[in-house]
Amino acid sequence: MSDSLHQFVEEFALAYEAAGIPRTAGRILGWLMVCDPPEQTASQLMEALGTSKASVSTMTRLLVQMHLIERVPRRGSRQDYFRIRPGTWSERVKNGLAGLSLYKSLAEKGLRLLENAPPERSERLQEMRELYAFFEEELQGLFERYERKKRKRKG
């Protein structure tokens, strides 16, 4: 791996570590984003990343469970190959939108519970509901525009 690719993989790993994913899992993700071929065996991941077999096994299992990568079969091979799941990034945005709806619903439930309380008591919930409602609506629109642009690009 070139120095610039190594640097990219490490930056990718640090970004995902900051989001709560183990650094080695982030390295695997980063490498799978730029490697050639796009499908890699555990041995190839170990060699490229200088990581142990146990670490690759544990982290690829985690990433598969998170639906970020997938195992792909190769005819005639008994090894597992891993790649970034097609559509994984769009799926993560959709899941994030669902999370916004959940938080907005929680705020609405709290507001219903406090409907007879003094207004200052429900200010925090009102702010939460307004914020999540705004982002839910705006991000849904952005995502729909992205999907239209993607379909148009593909023909």
Side-chain angles (χ1 to χ4, degrees), residues 5-35 37-42 45-46 48-49 51-73 80-155:
L5 280 179
H6 178 75
Q7 182 65 33
F8 171 80
V9 167
E10 287 303 313
E11 287 177 30
F12 210 92
L14 289 172
Y16 274 83
E17 184 179 47
I21 293 176
R23 189 179 295 190
T24 300
R27 285 184 181 120
I28 291 169
L29 273 177
W31 178 242
L32 289 175
M33 292 296 290
V34 296
C35 63
E39 299 90 16
Q40 298 279 295
T41 65
L45 292 170
M46 288 168 36
L49 302 172
T51 307
S52 72
K53 183 177 182 177
S55 187
V56 166
S57 176
T58 301
M59 293 301 113
T60 54
R61 190 175 326 111
L62 172 69
L63 292 169
V64 166
Q65 289 170 348
M66 294 177 72
H67 303 287
L68 290 168
I69 68 171
E70 65 182 1
R71 282 178 164 65
V72 288
D80 285 330
Y81 287 78
F82 300 95
R83 71 173 178 196
I84 299 291
R85 261 183 81 238
T88 196
W89 307 116
S90 293
E91 187 177 302
R92 290 185 65 80
V93 170
K94 285 180 188 175
N95 290 340
L97 290 172
L100 293 175
S101 294
L102 171 66
Y103 293 128
K104 182 185 82 174
S105 294
L106 283 170
E108 289 169 346
K109 183 176 183 176
L111 286 167
R112 284 190 301 274
L113 290 171
L114 298 179
E115 67 185 344
N116 295 323
E120 58 275 357
R121 188 165 170 206
S122 61
E123 284 176 0
R124 293 164 289 183
L125 286 168
Q126 186 63 36
E127 178 184 359
M128 179 183 175
R129 194 204 71 71
E130 287 174 7
L131 178 70
Y132 282 107
F134 174 80
F135 279 112
E136 178 184 39
E137 183 179 319
E138 294 296 316
L139 292 176
Q140 183 64 38
L142 281 174
F143 187 73
E144 289 168 5
R145 283 188 11 233
Y146 167 76
E147 288 293 319
R148 283 193 303 272
K149 186 176 182 177
K150 186 174 140 184
R151 282 191 301 273
K152 191 182 236 184
R153 190 179 65 238
K154 288 185 175 182

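Enclosure of atom CZ in Phe143 by more than 12 non-hydrogen atoms of other residues, nucleotides or ligands within 6.0 angstrom is indicated. Counting non-hydrogen atoms of other residues, nucleotides and ligands closer than 6.0 Å to CD of Glu91 gives a total above 12. Residue Glu127 places its CD atom among 12 or fewer non-hydrogen atoms of other residues, nucleotides or ligands, all under 6.0 Å distant. Enclosure of atom OH in Tyr81 by more than 12 non-hydrogen atoms of other residues, nucleotides or ligands within 6.0 angstrom is indicated.
Here the CG atom belonging to Leu102 is positioned 12.5 Å from the CG atom belonging to Leu97, to the nearest 0.5 angstrom. Trp31 CH2 to Leu5 CG: the interatomic distance, rounded to the nearest 0.5 Å, is 6.0 Å. Between the CG atom of Leu45 and the CG atom of Leu32 there is a distance of 5.5 Å, given to the nearest 0.5 Å. Atom CD of Gln40 is separated from atom CG of Asp80 by 13.5 Å, given to the nearest 0.5 angstrom. In this structure, CG in Leu68 is found 11.5 Å from CD1 in Ile28, a value given to the nearest 0.5 Å. The distance from atom CZ of Arg71 to atom CZ of Arg85, rounded to the nearest 0.5 Å, is 13.5 Å.
When all heavy atoms of Val9 and Arg27 are compared, the pair lying nearest together is CG1-O, 3.5 Å. Heavy-atom minimum distance, Trp89 versus Ile84: NE1-CG2, 4.0 Å. In terms of heavy-atom proximity, Thr24 sits nearest to Ser55 at CG2-OG, 3.3 Å. Between Arg129 and Leu111, the shortest heavy-atom distance links the atoms CD-CD1, 3.9 Å.
A donor atom on one side chain and an acceptor atom on the other are found under 3.5 Å apart for Arg61 and Ser57. If you check the side chains of Gln140 and Glu144, you find a donor sitting under 3.5 Å from an acceptor.
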Under the criterion side chain to side chain contact (heavy atoms under 4.5 Å, CB included), I'd like the reasoning laid out for Arg83 against Ile69: C-alpha separation, chi angles, the key distance, then a yes or no. CA-CA 5 Å; Arg83 71 173 178 196; Ile69 68 171; over 6 Å; no
Check step by step if side chain to side chain contact (heavy atoms under 4.5 Å, CB included) holds for Lys154 and Lys150. CA-CA 6 Å; Lys154 288 185 175 182; Lys150 186 174 140 184; 3.8 Å; yes
If you apply the rule side chain to side chain contact (heavy atoms under 4.5 Å, CB included), what do you find for Tyr16 with Leu29, and how did you get there? CA-CA 9 Å; Tyr16 274 83; Leu29 273 177; 4.0 Å; yes
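A donor-acceptor pair is defined here as one N or O able to donate and one able to accept, closer than 3.5 Å; no such pair exists between the side chain of Thr60 and the backbone of Ala42. Within the 3.5 Å criterion, the main-chain N or O of Tyr103 finds no donor-acceptor partner in the side chain of Ser105. Proximity of a side-chain donor or acceptor of Glu70 to a complementary backbone N or O of His67 within less than 3.5 Å is not detected. Checking side-chain atoms of Ser122 against main-chain N and O of Pro119 turns up a donor-acceptor pair under 3.5 Å.
With contacts defined as side-chain heavy-atom distances shorter than 4.5 Å, the pair Met59/Pro22 qualifies.
Using the six-membered ring where Trp is involved, Phe8 and Phe12 have ring planes that are tilted, between 30° and 60° apart.
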